[in-house]
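Numbered from 1 within each chain, the chains take letters A, B, ... in sequence-line order.
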Protein chains: 2
Amino acid sequence: MTSRPTMNDVAREAGVALKTVSRYVNGETNINSVMAERIAEAIAHLGYRRNLSAASLRPGWTSRTIGLVISDLANPHWATLARGVERAATDRGYLLVTGSSEEDGARHDALVDRMLDQRLDGLVVVPPRIPGRAWDSLVPPVPPVVFVDRVVDVPGARCITADDRGGAGEAVAALAAGGARRIAFVGDSLGIPAMAERLAGYRAALQAAGLAEDPALVHDGAHSAEQAERIVGTLLTSALASADAVFAANNRSSLGALQAFRAAGRRLPLIGFDDFEAAILLDPPVSVVGQDVGAMGAAAVTILLDTLEGAADVPSRVVVPTTLHLRGSER
Amino acid sequence: MTSRPTMNDVAREAGVALKTVSRYVNGETNINSVMAERIAEAIAHLGYRRNLSAASLRPGWTSRTIGLVISDLANPHWATLARGVERAATDRGYLLVTGSSEEDGARHDALVDRMLDQRLDGLVVVPPRIPGRAWDSLVPPVPPVVFVDRVVDVPGARCITADDRGGAGEAVAALAAGGARRIAFVGDSLGIPAMAERLAGYRAALQAAGLAEDPALVHDGAHSAEQAERIVGTLLTSALASADAVFAANNRSSLGALQAFRAAGRRLPLIGFDDFEAAILLDPPVSVVGQDVGAMGAAAVTILLDTLEGAADVPSRVVVPTTLHLRGSER
DNA sequence: TTGTAAGCGTTATCAG
DNA sequence: CTGATAACGCTTACAA
């Protein structure tokens, strides 16, 4: 592939000055119609297309491209997020660069560096589970970054998350409304901010329903589906810690609980946090707190681009509402 | 965000010439260690990072960024493809820009134009169902484009697809091996090249099994799951066209067939083309011809980058093998 | 080993 | 309304 025609080529072909072509291409109106015609012809003839990459070199110009770093594009959760980001970006004329960190800090940092070196206008980022460099270690000036789906512990950081607390509260309230009095909480480590929030929602809902919290029913050791299965298995059999409903605070916990139910041949009312494909196919269909991941991505882009384009009063924290899908398993 | 430091700033700070900084940054060795030290300090102090976008402006340099246009990033099929593309791209030091056409030609063309204007090095493209402009209408020189998942009717076009014919053949052979003698083909319009290939595979397998083809069993009108359901419903009840097994030539046809089975309270041996999430959860689990979509994406990138980097004898057509997953529904 | 000067394709200043 | 000319941040002949 030889090189593509430039504005200079067009100017020569049309017999006008470079700047006149630039004016034409940029849609400025003050151009003699005869010249405009000649330029149009030259452009069509040469198949000229503006080189946006060169244009963005000029001060005050940008590539109108943003970056997204998630953990794995193939995972439906992140794919949905990416789609929301992508849609919001294209709607505003921005291109999107995506990268998967695989939850690895080093990989994550490498992607971020590359994107910054490429002079993308801003970044939407899911902080990886195995953290990389500290976010406030980046030497300013750095383009705006919006964190999504997980919060980051840096003052003033822009973060978008689901309404973990509210969603969990709704779920637990629904279980209580169904008559449950000993609702178990099964989730991952409370060091994960989202988990702590969901537990807070659980507690608030218990209190609102006039139920006392039994520490024997609160489990934060479900780092995998297998561990969740073991925990729920115990809840089903143990006399002391017996529960009459389960709130599974994440996807893996829901799956583990379902496995435990199957193994025991007996089920408890269950609501999970975060939807999953198979939820509607099981019997009974699994009730969940759905997160609008696409909306979270779109919100991140709105904040990023508003910031970028200098809008006033751009919020730095957005909590996207969840939706309780009651499908049957809550009874 | 004020502007970021440039090589010039570093040069001034270190008291050396611009070119020396460039040498240092590009890892050239012939640099006095004292100057190197001064430059390193200045870089650290200013937080300098090379502007790759500016560097790529020079002739012979590129952005080391490729583009991907699919129909919908949120769809697991395309997300898996995108992930394969992304992984292969990062492995070779390339960044990836993604865009969703929503199967709309105009949207698709707009994305392609934008990517070309941004001077991406090359494109991986899924041609949209509602076609846009003809691919050979692009005025050269245009960077290399590789089509994936669907073929495009342009001489010399680089296309990656699954082994539609072989995969369909294997499926039908498996049904025949199970004792089926009247195997129905249920699929979408034969105007779609992949469908025509799958039908060809069906026919070849019938012949190999010594079975005659009955036109009453071949249906290419399943444009939706509903239509497939109706077709399979008829196959279950009609005396004339009664089948004893079904090869569902795409995802939607599989789902339609399953619906029809459920409605009739009776099932036929079934194998579908293309895997789906729920397949392993149903009873019996649904057997399918799996496409390695990730591998297809990776193959596309390999061809794109090999072409780009001037490798010799880069193939222009790759057929990625399928895998038959027998899970139970084939009996 | 280091530096000067030119140029990549564009936009912006400012004089005609 | 139009056009020389100078940037933007970088790499690269070529010269010192």
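A heavy atom closer than 4.0 Å to some atom of DNA chain D occurs in Val16(A), Ala17(A), these being the qualifying members of residues 6-18 of chain A. A heavy atom lying under 4.0 Å from DNA chain C marks the following residues of residues 21-43 of chain A, by number: Ser22(A), Asn26(A).
One atom, CG of Leu57(B), and another, P of dT12(D), lie 13 Å apart when rounded to the nearest Å. Counting to the nearest Å, the C1' atom of dT10(C) and the CD atom of Gln118(B) are 13 Å from each other.
Applying the side chain to side chain donor-acceptor pair (under 3.5 Å) definition to pairs two or more places apart or across chains, those involving residues 293-315 of chain A are Arg92(A)-Asp306(A), Arg92(A)-Glu309(A), Tyr94(A)-Glu309(A). Applying the side chain to side chain donor-acceptor pair (under 3.5 Å) test to every pair with at least one member in residues 64-73 of chain B, sequence neighbours left out, gives these pairs: Arg83(A)-Asp72(B), Ser71(B)-Trp78(B), Ser71(B)-Glu103(B). Every pair passing side chain to side chain donor-acceptor pair (under 3.5 Å) that includes a residue from residues 29-48 of chain A is listed here, sequence neighbours excluded: Glu13(A)-His45(A).
For Pro321(B), there are no side-chain contact (heavy atoms from CB on, under 4.5 Å) partners, not counting sequence neighbours. The side-chain contact (heavy atoms from CB on, under 4.5 Å) check on Ser22(A) picks up Met7(A), Lys19(A), Asn26(A), with sequence neighbours excluded. For Asp104(B), the side-chain contact (heavy atoms from CB on, under 4.5 Å) partners two or more places apart in sequence, or in a different chain, are Ala106(B), Arg107(B).
The shortest distance between the side-chain N/O atoms of Thr20(A) and the OP1/OP2 oxygens of dT2(D) is not below 4.0 Å.
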Could you tabulate the donor-acceptor pairs under 3.5 Å formed by side-chain atoms of residues 130-138 of chain A, not counting sequence neighbours?
{"residue": "Arg133(A)", "atom": "NH2", "partner": "Asp113(A)", "partner atom": "OD1", "Å": "2.6"}
{"residue": "Arg133(A)", "atom": "NH2", "partner": "Asp113(A)", "partner atom": "OD2", "Å": "2.8"}
{"residue": "Ser137(A)", "atom": "OG", "partner": "Ala134(A)", "partner atom": "O", "Å": "2.6"}

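Arg150(A) contributes no side-chain N or O that, together with a main-chain N or O of Phe147(A), makes up a donor-acceptor pair within less than 3.5 Å.
Evaluation of atom-type donor-acceptor distances gives no pair under 3.5 Å for the side chain of Lys19(A) against the base of dA4(D).
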